[in-house]
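Notes to accompany the following structure.
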Amino acid sequence: MIITMILIFVLGYLCIALEHKLRIDKAAIALLMCGALWTVLSLLGNDAQIGTQLIEQLGDTSEILFFLIGAMTIVELIDRHGGFHVITDHIKTRNKRKLLWLLSIITFFMSAVLDNMTTTIIMIMLLRRMISGQKERWIFA
């Protein structure tokens, strides 16, 4: 059973690493890998508590997904109604070093008020508004 699970994990990790060549999203591969690992564990493992463990893990994963869906919805609504213009209109510098420091300071104070995931989503939306080039956005992110 352990060898089968290790093989599934290594194969899944290899598929994630080769995402661009396979043209399959890594999230889909990770979900399939997770499902295969739980299936092998539940079928070949002789654990009486497997049902409880599976429900607990699915509950934890669902909490994170529901939180992210809610946070992304709120951020998208703020963006649709121009809420990020309050911040982007006040940033006048085009010096990349100053911009990076300014965004870092904004992120620091936002993360004190909001949780880290919501702050990350907001800062990525700000970067999309302020920096048009994808390679530059990657550097800033």
Side-chain angles (χ1 to χ4, degrees), residues 1-45 47-141:
M1 173 185 78
I2 296 295
I3 293 174
T4 305
M5 291 178 74
I6 290 172
L7 286 174
I8 290 171
F9 179 79
V10 169
L11 181 65
Y13 201 79
L14 184 65
C15 289
I16 288 172
L18 298 172
E19 172 191 18
H20 293 293
K21 298 240 186 241
L22 296 175
R23 297 182 189 264
I24 301 174
D25 189 26
K26 60 184 154 203
I29 295 169
L31 287 172
L32 289 173
M33 181 177 63
C34 177
L37 287 171
W38 272 106
T39 302
V40 168
L41 181 64
S42 64
L43 293 177
L44 300 178
D47 188 5
Q49 299 295 322
I50 193 71
T52 308
Q53 292 172 357
L54 181 59
I55 289 171
E56 182 179 315
Q57 293 300 318
L58 284 174
D60 290 345
T61 304
S62 297
E63 284 178 21
I64 293 169
L65 286 175
F66 289 137
F67 171 77
L68 284 175
I69 289 171
M72 288 170 52
T73 302
I74 291 169
V75 169
E76 188 63 32
L77 283 171
I78 292 170
D79 185 42
R80 288 281 166 118
H81 294 286
F84 293 121
H85 291 295
V86 172
I87 297 172
T88 57
D89 288 346
H90 287 86
I91 298 175
K92 303 293 183 200
T93 184
R94 290 297 165 206
N95 183 347
K96 292 178 184 178
R97 182 169 283 148
K98 285 182 183 178
L99 185 61
L100 183 61
W101 275 103
L102 188 61
L103 289 174
S104 299
I105 292 168
I106 292 170
T107 304
F108 177 77
F109 286 108
M110 272 189 165
S111 67
V113 177
L114 304 171
D115 62 73
N116 291 335
M117 293 292 258
T118 307
T119 303
T120 303
I121 294 169
I122 289 172
M123 294 313 292
I124 294 298
M125 290 298 284
L126 284 175
L127 281 175
R128 291 175 113 187
R129 294 279 175 241
M130 297 173 65
I131 301 171
S132 60
Q134 183 179 4
K135 288 188 179 194
E136 276 188 282
R137 272 198 312 256
W138 277 89
I139 292 170
F140 274 82

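- Partners of D25 under the side chain to side chain donor-acceptor pair (under 3.5 Å) rule, at least two apart in sequence or in another chain, do not exist in this structure.
- Taken to the nearest 0.5 Å, the CG atom of L102 stands 4.5 Å off from the CD1 atom of I106.
- Note that the CD1 atom of I8 and the CG atom of L32 stand 11.5 Å from one another [nearest 0.5 Å].
- Within a 6.0 Å radius of OH in Y13, other residues, nucleotides and ligands contribute 12 heavy atoms or fewer.
- Rounding to the nearest 0.5 Å places CG of L100 at 10.0 Å from CG of N95.
- Shortest non-hydrogen contact noted between A71 and T118 is CB-OG1, 3.8 Å.
- Taking each heavy atom of L44 and M1 in turn, the nearest pair found is C-SD, 3.8 Å.
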Discussion item. Pair L37, M33 - check side chain to side chain contact (heavy atoms under 4.5 Å, CB included), show working.
Written reply: CA-CA 6 Å; L37 287 171; M33 181 177 63; 4.1 Å; yes
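- Within the 4.5 Å cutoff, no side-chain heavy atoms of I74 are placed close to those of I121.
- Pairing each heavy atom of I24 with each of A28, the nearest pair is CG2-CB, 4.5 Å.
- Counted within 6.0 Å of CG on L43, heavy atoms from surrounding residues, nucleotides or ligands total more than 12; the atom is thus considered enclosed.
- Of all non-hydrogen atoms in A30 and I16, the two that sit nearest each other are CB-CD1, 4.2 Å.
- No more than 12 heavy atoms of other residues, nucleotides or ligands shown are found within 6.0 angstrom of CZ on R128.
- Of all the heavy atoms in T119 and S111, the pair that sits closest is OG1-CA, 3.5 Å.
- Remark: T4 OG1 to F9 CZ distance equals 15.0 Å, nearest 0.5 Å.
- Rounding to the nearest 0.5 Å places CG of L58 at 10.5 Å from CD of E56.
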Fill in: Residue pair M110, I87: steps toward the side chain to side chain contact (heavy atoms under 4.5 Å, CB included) verdict
CA-CA 12 Å; M110 272 189 165; I87 297 172; 3.9 Å; yes
Worksheet entry | Check against side chain to side chain contact (heavy atoms under 4.5 Å, CB included), D79 and R129 | CA-CA 10 Å; D79 185 42; R129 294 279 175 241; 2.5 Å; yes
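- With rounding to the nearest 0.5 Å, the separation of CG in L77 from CE in M72 is 12.0 Å.
- You'll find the side chain of M130 stays beyond 4.5 Å of the side chain of F140, heavy atoms only.
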Discussion item. Working note: L103 + L99, criterion side chain to side chain contact (heavy atoms under 4.5 Å, CB included); need CA distance, chi angles, decisive distance, verdict.
Written reply: CA-CA 6 Å; L103 289 174; L99 185 61; 4.1 Å; yes
